[in-house]
Amino acid sequence: AGIKASQLDRIILGTQTADYVNTAASCNVQQILGATCPIADTTASCSSFMYALDFGIRCVMTGMEYVLVIGADMKSRSVRRNDPVFLPIFSDGAGAVLLTKCKPDEGFLGIELWADGSGIEQLYVPAGGSKMPASHETIDKDLHGTVMKMTGKELAENAAGKMAELSSDVCIKNNIDIKDIDVFVPHQANLYIMKKAAGILNLPYEKMEVSIHEVGNCIAGTVPVTLNQAFERGKLKPGALILLTAAGAGYTGGAALYKVPS
């Protein structure tokens, strides 16, 4: 982006796999980059990047010049090697965007977030936190891997429905017709969920950016990684409308509408 780390006003990292349990992983990012600005982590499972993005947008809207927003996860650390559901799709990955001011009718036009804490133990890693610290017992009982209490189909239907709902909401609130979306960037949970969400929105498959076959589901990293893929393929042309969305455990979700500046 042509700026120095010393120019950053804030670093916001969306992740659920911080380096340490007692410090923000963005502190490490700050010192590695050589920045001096304040930092923050956001943790909302697969929606962590969307929550970080919302935070970053509001920082720019309230006067900051440069805000670095990152989505990064090392999911290989909490996947059981004998897990037939999650082992084949979960991966490690990261992406970042740099936010700054633009014209009022360009850039991020709107963002919607959602959470429902009633689902916090439907998809989670039981041990390792303050509720159930790591011990010989938690290791012996194999409680440090991801647990899913609902059926895979139920999870898929809920995630697809929520991503479609949030996407529709953000478009309606900004007077954008879904058919005018040029690139759809959903969380890369699995292809069924992504196709289902696009189908609910009546978005053709050709408009959906897909990276899961290349990089897997890297949790908070999927949306920025996939957005970068669209950029590298020349799809982020001036004036193009980009729809980003994610849904994750907790339950959490988000959608954002972006118009590429001219």
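Here the side chains of Leu98 and Val69 are not in contact, with every heavy-atom distance at 4.5 Å or above. Thr100 places none of its side-chain heavy atoms less than 4.5 Å from the side chain of Val67. Ile242 places none of its side-chain heavy atoms less than 4.5 Å from the side chain of Phe184. At a threshold of 4.5 Å between non-hydrogen side-chain atoms, the residues Lys237 and Val260 do not count as touching. Taking the side chain as every heavy atom from C-beta outward, Ile70 and Pro224 never approach each other to under 4.5 Å.
Annotation: the span from Thr252 atom OG1 to Lys162 atom NZ amounts to 11.0 Å, rounded to 0.5 Å. We find the CG-CG distance between Asp41 and Leu13 to be 5.0 Å, quoted to the nearest 0.5 Å. To the nearest 0.5 Å, the span separating CG on Asp19 from OG on Ser26 amounts to 10.0 Å. Between the CZ atom in Phe90 and the CG atom in Asn217 there is a gap of 5.0 Å [rounded to 0.5 Å]. Atom CG in Leu203 sits 12.5 Å away from atom CE in Met194 (nearest 0.5 Å). Here CD of Glu165 is found 12.5 Å from CE of Met163. Values are rounded to the nearest 0.5 Å.
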* Criterion salt bridge (Lys or Arg N to Asp or Glu O under 4.0 Å) on Asp182 and Lys235, from CA distance to verdict -> CA-CA 8 Å; Asp182 296 296; Lys235 295 183 179 181; over 6 Å; no

* To do: Verify side chain to side chain donor-acceptor pair (under 3.5 Å) between Tyr124 and Gln16, making sure each step is shown before the conclusion.
  => CA-CA 11 Å; Tyr124 74 126; Gln16 64 172 1; over 6 Å; no

* Audit row: Ile212, Val210, side-chain contact (heavy atoms from CB on, under 4.5 Å) steps and yes/no -> CA-CA 6 Å; Ile212 190 170; Val210 179; 4.0 Å; yes

* **Worked check of side chain to side chain donor-acceptor pair (under 3.5 Å) between Ser262 and Glu106** => CA-CA 8 Å; Ser262 56; Glu106 296 180 339; 2.8 Å; yes

* Can you check side-chain contact (heavy atoms from CB on, under 4.5 Å) on Leu243 and Ile176, steps first, answer last? -> CA-CA 11 Å; Leu243 181 59; Ile176 298 295; over 6 Å; no

* Go through Leu244 and Met50 one step at a time and tell me if the side-chain contact (heavy atoms from CB on, under 4.5 Å) criterion holds. => CA-CA 8 Å; Leu244 317 174; Met50 300 304 296; 4.2 Å; yes

* Should Ile39 and Val29 be marked as a side-chain contact (heavy atoms from CB on, under 4.5 Å) after you check the CA-CA gap, both sets of side-chain angles, and the distance that decides it? -> CA-CA 9 Å; Ile39 53 80; Val29 175; over 6 Å; no

* For side chain to side chain donor-acceptor pair (under 3.5 Å), just list the numbers for His187 and Thr245, CA-CA rounded to whole Å, side-chain angles, deciding distance to a tenth of an Å, and then say yes or no. => CA-CA 6 Å; His187 168 53; Thr245 188; over 6 Å; no

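Ring pair Phe108/Tyr258 is tilted by interplanar angle, where 30° to 60° counts as tilted.
Of the possible polar contacts, one joining the Ser91 side chain to the Val215 backbone as a donor-acceptor pair under 3.5 Å is found. Judged purely by atom type and a 3.5 angstrom limit, Gln7 uses its side chain to pair as donor or acceptor with the backbone of Lys4. A donor-acceptor pair is defined here as one N or O able to donate and one able to accept, closer than 3.5 Å; such a pair exists between the side chain of Thr226 and the backbone of Thr222. Using a distance-only test at 3.5 Å, with no hydrogens or angles considered, no donor-acceptor pair links the side chain of Asp177 to the main chain of Asp180. Judged purely by atom type and a 3.5 angstrom limit, Lys75 has no side-chain atom pairing as donor or acceptor with the backbone of Phe86. Side chain of Thr43 to main chain of Thr15: a donor-acceptor pair is present (N/O by atom type, distance under 3.5 Å, no hydrogens or angles). In this structure, the side chain of Ser168 does not engage the main chain of Ala164 through any donor-acceptor pair within 3.5 Å. One N or O on the side chain of Asp9 and one on the backbone of Tyr66 form a donor-acceptor pair closer than 3.5 Å. The backbone N or O of Ser76 lies less than 3.5 Å from a partner atom in the side chain of Asp92, making a donor-acceptor pair.
The pair Asp54-Arg58 meets the salt-bridge criterion, since a charged nitrogen lies less than 4.0 angstrom from a carboxylate oxygen. Looking at Arg10 and Glu65, no side-chain N of the basic residue comes within less than 4.0 Å of a carboxylate O on the acidic one, giving no salt bridge.
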